[in-house]
Participant: 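Quick one: this structure, given as structure tokens, is what I'll be asking you about.
Letters go in sequence order (proteins before strands), and every chain restarts at 1.
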Amino acid sequence: MQYNFNEIEAKWQKYWAENQTFKAANGSDKPKFYVLDMFPYPSGAGLHVGHPLGYIASDIYARYKRHQGFNVLHPMGYDSFGLPAEQYAIQTGQHPADTTRVNIEGGKDKEGNVIEGYRKQLDRMGFSFDWGREVRTSDPSYYKWTQWIFIKLFNTWYNKVSDKAEDIKTLITTFEAEGNIIVSAICDADVPIFSAKEWRQYTRKRQEEILLKYRLTYLAESEVNWCPALGTVLANDEIVNGVSERGGHPVIRKKMTQWSMRITAYAERLLNGLEKIDWPQPLKDSQANWIGRSVGAIVKFKLLSATKDKISSLEPKPLTPKNFIEVFTTRPDTIFGVSFMTLAPEHDLVPMITTTEQKEEVESYIEATARRSERDRMSDVKTISGAFTGAYVEHPFTKEPVPVWIGDYVLAGYGTGAVMSVPCGDQRDYDFAKHFNIPIPNIFEGVDISLEAFADKDNTIIANSDFLNGLTYKEATGKVIAALEKIGHGEGKVNYRLRDAVFSRQRYWGEPFPVYYDEDGMPRMLDEKFLPLKLPEVKKYLPTETGEPPLGNATVWAWDTNNSAVVGTRLIDHKSVFPLELNTMPGWAGSSQYFNRYMDAHNEKAIFSQEAINYWQDVDLYIGGSEHATGHLLYSRFWQKFMFDLGLVPKDEFAKKLINQGMITGTSAFIYRLGHHPNVFVSKELVDAYQNEETKEDVLRQIQSVVGNTLKDLSFDKIHVDVDFVDASDQLDVIKFRNWQPEFKNAMFIPDRAPKLLREVEKMSKSKYNVVSPDAICTEYGADSLRLYEMFLGPLEQSKPWNTAGITGVHSFLKKLWKLYFDEEGLKDLKAEPSAENLKTLHKTIKKAKEDIENFSFNTSVSTFMICVNELTTQNCQSKSILESLAILVSPYAPHIAEELWEKLGNSTSISTVSYPKFEAKYVLESSKEYPISFNGKLRFTIELPLDMGKDEIEAAVLAHEKTRQQLQGRTPKKVIIVPGKIVNIVS
RNA sequence: GCUCGAGUGGCGGAAUUGGUAGACGCGCUGGAUUCAAAAUCCAGUGUUUUCGGACGUGUGGGUUCGAUUCCCACCUCGAGUACCA
């Protein structure tokens, strides 16, 4: 009987679907285990072999956990809002919902190409997903809950005292009773101070404006990253090297009114939370880096409004709210080294403090920096530029005047947008001072600063600094902060690099905000019971002529408050019918709580029931790509903590363990095309030989014999060849190549048979002809072979190249496995009692396979199975019990063949929940050991000795051995090292 | 520049606490089977050699009876980040 994988795989996929084998119940006597994959964006191009790597690993683990007796939740869904569907809609006019459905469920695209569909592709690989819990972020029944969370965020503020998010009502109550002086909140910087009386006298609009400054999602005019080519704003994590992550378009800074998420409220908790989750260190590092906590101080420098000559006569005046400049510094200990102050050119105070004499220079500098794009400014960090404002501030301790400059090395968006410049202690300040001839006072003990700044905190001893002299960095910092606080000129402060996240996108294919704008133009939330607010139909998916987002094209997009319904925009009267928000939410909105929604995916009354969330708690294992480190994975943690504060989820971290699977790259194939002879192709070997001086002439002659002797100098172009035309020996199938494209129809090859190709590892991409689809592999070798091979390639986390040729190794393993159970006639007569050898092989395998799977070392467990099958084949194992256990061991990796073997052995239920074989040490105990005998650390020979032999006996046995005497040649050993069970080393 | 990770045969990779380097697979070489091919099976396969051995895990040093593994310096590649005060 042959191993007919196509038939077997189709049969069991059908069986699993019909019997709902992998349906997970929300409650069970078994312990729970939640295995999650990052859900995919369903693109029209379909999956290539790189995509399922993580899914295969998580599926193996999920299946293993079922064998271990866990109730396993292993869901899958689609992150189906996004840019590609929208851009396709703009080009073709097709509704993104339609193309998205085709990409998932299959069908035809506009050109009539057959799209297989993600679901079918995934099904062919035999995943044990509980498809009954599928979610699609673009489905109104799903995004209803994304909108719901948005409303919750709007109705919440962050109380620093309780250190958590609280209902906005508690804030309003406080305002009404006591004003905001006693409120300690994470809010906008420009909140005015008011009393309860003042609050009550404010208009409703004024009150709303103030509350917006406290809400966890708020509308604010802010500087955003605007991408003109995409017509939308982008978040910081959507920009790579100053250009858009998608498409590589330039990005400029622009002021716009946008929804923002107050993620900064959670900065500290997001940072601390990293300590209790088992996530990859590089990923934690990059989140920590992104949050960018730095400890230092705020220092206030009083403004002196006069020119330098007159300052000395000025009377000292107390600080008032408007007459100082605030800086943030991590080195308050160097305050006596300040010789100037630098503001970002965009700093609010610049126009106010600039003197008439300096006005022209400052304005032209500001104009020049504004003209430079973000990218220019970033790529050119060496050019030093700046301008003097003419203004001075007063040093808080020395009372000396300090000149105020502006310079684009100071960023408006970090800290206070102003720095106290200490040229002796900071290289940027140093360079700036050198360039503009500003003095560089030295405040470090025994340090030469004639060439560069001294920034080594650990070896700092402060000098020339009044009361800080002789102190270390740490001592001086503490002392100076205390002194600043005492005179009211500053305080200790922790600063974060993390910015609030802009949450508006000028796009069509995203979640609509459940927001309308009232008669005052203030945002109001729809009542929860009217959700979902569905995306309106539009004629065009582009921005409107007046520059509004695509939803501006909708004719039915207004909120009728009398009837609680979406109505035509013509009816807007700002009395009872109001305009709805035209922006949509960003890509990460839908993915920030999807893992919790899976727990109760069809609940219409709540995002999930409390029973469901309390049962499943959190994700036990999450597998996905590292590219989401500072996007999805940070935002999801933020929303989880928010949900936790509201008491909606029991855990404030959503995933205990996370693994980043590596990328599978392609192995591109190239043939060399002869210069000036576009019809002639030369093998890699000949081109290599041509590069070698010794063989160059031979190659030249060989090529001349084909194309004529006129050719003296050879040149070669590398041409991509479809990897489908290449065999395991890297030889080209010339017939396939000639039929590939018309220009190759009459191609000639040197040598003319199976020329060797050059192979290089590159990212998989259509244009490189190195994309391999899992469907083709499933058809030719089967899903079980694909699964095994993806795991066998190497460690899960590592990036590694795909080469289809190698799959024959795991495929013939499966055939050998099959042959242990079947011969030509059918199932073998498996009545033999297991031999000691059989049991040893089996139990060795159980032990190793279990260890490997628990360490996520899937590549080595595949080797273990190969060794096991090779041994059992040699042993001619005919024991049913051994072969039953083997089928279970293999089943997480190659589930189809395992089910078939299991059934043919006479079992009537699925193998998927059978308990894992138990390792028993007694079967693998050895009585003797082949001891390696080394002399001075170098292995010479081995001797077999009983394992229970003691050190002394071993020494005696080894020294008595004839080969030992040969090695020693009469010398006496100086030392004999014996590690029982391991090695013997003789030093002589 | 900074942070993190990695360098092992022709290739993917293995070696669990420092203890027989190269498991397993691909490829390659030879053989069996076949009219032939595919498939299958058997043997070999780090380099070198005077067939005793010698040399071998990016480079140079160190610790150790013993180092792919630990320490120091350097080189190369990859990922992230980038004027963060």
Side-chain angles (χ1 to χ4, degrees), chain A residues 240-242 280-286 288-290 292-294 296 327-331 334 342 377-382 384 407-411 413-422 425-429 431-432 455 495-498 626-627 629-630 660 662-663 667 727-730 759 761 788-789 792-795 797-803 805-810 812-813 815-816 819 848 851-852 855 857 859-867 870 930-942 966 973-979 981-988:
Chain A
V240 178
N241 295 327
Q281 198 54 43
L283 194 148
K284 288 197 203 179
D285 289 346
S286 88
N289 197 347
W290 191 261
R293 182 179 201 267
S294 48
V327 301
F328 174 73
T329 178
T330 53
R331 295 296 304 274
T334 63
T342 316
R377 225 168 125 168
M378 265 171 33
S379 59
D380 174 27
V381 295
K382 290 203 186 85
I384 294 158
D408 69 359
Y409 80 96
V410 178
L411 305 175
Y414 183 76
T416 62
V419 301
M420 57 175 227
S421 302
V422 183
D426 182 288
Q427 196 56 43
R428 292 157 304 176
D429 295 343
D431 295 340
F432 195 86
N495 206 35
Y496 299 93
R497 198 185 79 115
L498 185 70
S626 58
E627 67 274 19
T630 52
N660 291 130
M663 196 177 45
T667 310
D727 74 2
S729 318
D730 295 343
R759 305 301 299 262
V761 172
L788 283 171
Y789 189 49
F792 188 62
L793 280 178
E797 301 90 333
Q798 196 173 299
S799 135
K800 56 239 159 190
W802 176 272
N803 187 355
I807 202 171
T808 54
V810 293
S812 57
F813 156 73
K815 286 196 271 191
K816 276 188 227 165
K819 280 191 194 161
K848 181 83 166 90
E851 279 168 8
D852 283 348
N855 292 321
S857 177
N859 54 328
T860 51
S861 41
V862 178
S863 324
T864 303
F865 297 142
M866 289 174 168
I867 293 166
N870 289 343
E930 186 92 353
Y931 275 94
I933 314 299
S934 301
F935 291 80
N936 299 321
K938 282 174 189 164
L939 177 77
R940 295 296 144 170
F941 57 89
T942 60
Q966 261 176 37
K974 284 182 197 149
K975 205 171 173 186
V976 180
I977 285 130
I978 291 162
V979 185
K982 294 260 185 203
I983 52 107
V984 176
N985 189 19
I986 297 166
V987 187
S988 61

Participant: If you look at every heavy atom in A:Y789 and A:W802, which pair is closest and at what distance?
Facilitator: CD2-CH2, 3.4 Å
Participant: For a quick test of reading the model: is some side-chain N or O of A:K815 closer than 4.0 Å to OP1 or OP2 of B:U40?
Facilitator: yes
Participant: Calculate the interatomic distance between A:I983 atom CD1 and B:C65 atom C1'; express it in whole Å.
Facilitator: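 Value for this atom pair: 8 Å.
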Participant: Roughly how many Å apart are B:C70 and B:A15, using the P atom of each and rounding to a whole number?
Facilitator: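 Looking at atom P only, B:A15 and B:C70 are 14 Å apart.
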Participant: Over how many whole Å does the gap from A:Y496 atom OH to B:C84 atom P extend?
Facilitator: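 The distance from OH of A:Y496 to P of B:C84 comes to 19 Å, rounded to the nearest Å.
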Participant: For B:C74, what is the paired nucleotide under Watson-Crick or G-U wobble rules, both distances under 3.5 Å?
Facilitator: B:G58
Participant: Any idea how A:Y409 and A:F432 line up, ring-wise: parallel (<30°), tilted (30 to 60°), or perpendicular (>60°)?
Facilitator: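 Plane angle between 30° and 60°, so tilted.
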Participant: Mind checking the P distance from B:A6 to B:C84? Whole angstroms is fine.
Facilitator: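 28 Å, rounded to whole Å.
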Participant: Is the distance from OP1 or OP2 of B:G19 to the nearest side-chain N or O of A:S934 less than 4.0 Å?
Facilitator: no
Participant: Going by purine N1 to pyrimidine N3 plus the second Watson-Crick contact, or the G-U wobble pair, all under 3.5 Å, which nucleotide sits opposite B:A82?
Facilitator: none
Participant: What is the separation between atom OH on A:Y414 and atom C1' on B:A85, rounded to the nearest whole Å?
Facilitator: 7 Å
Participant: Are the side chain of A:Y496 and the backbone of A:S294 linked by a donor-acceptor contact shorter than 3.5 Å?
Facilitator: no
Participant: So which nucleotide from B:G27, B:G12, B:A14 ends up closest to the side chain of A:A728?
Facilitator: B:G27
Participant: Which nucleotide in the set B:A85, B:U81, B:G19 lies at the smallest distance from any side-chain heavy atom of A:W290?
Facilitator: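 Minimum distance to the A:W290 side chain belongs to B:U81.
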Participant: For A:P280 versus A:N660, what's the shortest heavy-atom pair and its separation?
Facilitator: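 In this case the closest contact between A:P280 and A:N660 is CG-OD1, 3.3 Å.
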Participant: Would you say A:N803 and A:R759 make side-chain contact, with heavy atoms under 4.5 Å?
Facilitator: yes
Participant: Which protein N or O atoms sit under 3.5 Å from an N or O of nucleotides 22-25 of chain B?
Facilitator:
{"unit_1": "B:G25", "atom_1": "OP1", "unit_2": "A:N870", "atom_2": "ND2", "d": "3.4"}

Participant: Could you tell me how far apart A:I807 (CD1) and B:C11 (C1') are, to the nearest whole angstrom?
Facilitator: 17 Å
Participant: Have a look at B:G66 and give me syn or anti from its glycosidic angle (syn if within 90° of zero).
Facilitator: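 Because its glycosidic torsion lies more than 90° from 0, B:G66 adopts the anti conformation.
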Participant: How far apart are the closest heavy atoms of A:V327 and A:T416, and which atoms are they?
Facilitator: CA-OG1, 3.3 Å
Participant: Find the partner of B:A21: check Watson-Crick (N1-N3 plus N6-O4 or O6-N4) and G-U wobble (N1-O2, O6-N3) distances, both under 3.5 Å, and reply none if neither fits.
Facilitator: none
Participant: Ignoring backbone atoms, establish whether A:K800 has a side-chain N or O less than 4.0 Å from OP1 or OP2 of B:G12.
Facilitator: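 Checking B:G12 against A:K800, no side-chain N or O comes under 4.0 Å of OP1 or OP2.
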Participant: Checking all strands, does A:Q281 fall into the base, sugar-phosphate, or nothing category for heavy-atom contacts under 4.0 angstrom?
Facilitator: nothing
Participant: So, does A:R759 get its side chain near the phosphate of B:G10, meaning an N or O under 4.0 Å from OP1 or OP2?
Facilitator: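 For B:G10, neither OP1 nor OP2 has a side-chain N or O of A:R759 closer than 4.0 Å.
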Participant: Rounded to whole Å, how long is the line connecting atom CG of A:D727 with atom P of B:G27?
Facilitator: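 In whole Å, B:G27 P lies 9 Å from A:D727 CG.
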Participant: For B:U64, which nucleotide in any strand shown is its Watson-Crick or wobble partner with both distances under 3.5 Å?
Facilitator: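 Checking every strand shown, B:U64 finds no partner, since no pair has both distances under 3.5 Å.
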Participant: What's the base orientation of B:G7: syn (chi within 90° of 0) or anti?
Facilitator: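 What B:G7 shows is an anti base, its glycosidic angle lying more than 90° from 0.
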Participant: Under 4.0 Å from OP1 or OP2 of B:G13: is there any side-chain N or O of A:Q798 that close?
Facilitator: yes
Participant: Out of B:G27, B:A82, B:C65, which has the shortest distance to the side chain of A:R497?
Facilitator: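 Nearest to the side-chain atoms of A:R497, counting from C-beta on, is B:A82.
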Participant: Is A:P795 close to A:N859 at the side-chain level, that is, under 4.5 Å between some pair of heavy atoms?
Facilitator: yes
Participant: On a whole-Å scale, what distance lies between the P atoms belonging to B:C51 and B:A39?
Facilitator: 41 Å
Participant: Which residue lies toward the 5' end of RNA chain B, A:N289 or A:A418, if each is placed at its nearest nucleotide?
Facilitator: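 Closer to the 5' end of RNA chain B: A:N289.
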Participant: For B:A14, give the paired nucleotide (Watson-Crick: N1-N3 plus N6-O4 or O6-N4; G-U: N1-O2 and O6-N3; both under 3.5 Å), or none.
Facilitator: none
Participant: For nucleotides B:U49 and B:G10, find the distance between their P atoms and express it as a whole number of Å.
Facilitator: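 Approximately 16 Å lies between the P atom of B:U49 and that of B:G10.
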Participant: On RNA chain B, does the nearest nucleotide to A:N803 precede the nearest nucleotide to A:T416 from the 5' side, or the other way round? Give the residue.
Facilitator: A:N803
Participant: Nearest to the A:N985 side chain among B:G19, B:C83, B:U3, which nucleotide is it?
Facilitator: B:G19
Participant: Of all heavy-atom pairs between A:S861 and A:D852, which one has the smallest distance, and what is that distance?
Facilitator: N-OD2, 3.3 Å
Participant: If you look at every heavy atom in A:I983 and A:P932, which pair is closest and at what distance?
Facilitator: CG2-CG, 3.6 Å
Participant: Write down the distance between CG (A:N936) and P (B:G66), rounded to a whole number of angstrom.
Facilitator: 8 Å
Participant: For B:A23 and B:U16, measure between their P atoms and round to the nearest Å.
Facilitator: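 To the nearest whole Å, 15 Å.
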Participant: Using the C1' atom in both, what is the distance from B:C42 to B:G46, to the nearest Å?
Facilitator: 23 Å
Participant: Decide yes or no on side-chain contact (heavy atoms from CB on, under 4.5 Å) for A:N495 and A:Y414, but give the supporting numbers first.
Facilitator: CA-CA 9 Å; A:N495 206 35; A:Y414 183 76; 3.4 Å; yes
Participant: Of all the heavy-atom pairs spanning A:F328 and A:G415, show the shortest one and how long it is.
Facilitator: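 That closest heavy-atom pairing would be CB-CA, 4.3 Å.
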Participant: For every nucleotide of nucleotides 48-58 of chain B, 5' to 3': is a protein heavy atom under 4.0 Å from its base (B), only from its sugar-phosphate (S), or from neither (-)?
Facilitator: -----SSS---
Participant: Roughly how many Å is it from CG in A:N660 to P in B:G78, rounded to a whole number?
Facilitator: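 To the nearest whole Å, that distance equals 20 Å.
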Participant: Look through every strand shown and name the nucleotide pairing with B:G52 as Watson-Crick or G-U wobble, where both distances are under 3.5 Å.
Facilitator: none
Participant: Whether the side chain of A:D429 engages the backbone of A:V422 through a donor-acceptor N/O pair (distance < 3.5 Å, no angle test) should be reported.
Facilitator: yes
Participant: How many whole angstroms separate atom CD of A:Q427 from atom P of B:C84?
Facilitator: 12 Å
Participant: In whole Å, what separates the C1' atom of B:C83 from that of B:C77?
Facilitator: 27 Å
Participant: Could you check which of B:A14, B:C83, B:G19 has an atom nearest any side-chain atom of A:V979?
Facilitator: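 My answer, after comparing the listed nucleotides, is B:G19.
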Participant: Which nucleotide, if any, forms a Watson-Crick or G-U wobble pair with B:A43, using both distances under 3.5 Å?
Facilitator: B:U29
Participant: Using the P atoms only, state how far B:U64 lies from B:C4, rounded to an integer number of Å.
Facilitator: 29 Å
Participant: So, A:N289 side chain and A:D285 main chain: donor-acceptor pair closer than 3.5 Å or not?
Facilitator: no
Participant: Using purine N1 to pyrimidine N3 plus N6-O4 or O6-N4 for Watson-Crick, or N1-O2 and O6-N3 for G-U wobble, each under 3.5 Å, what pairs with B:A37?
Facilitator: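 None - no nucleotide pairs with B:A37, as no candidate has both distances under 3.5 Å.
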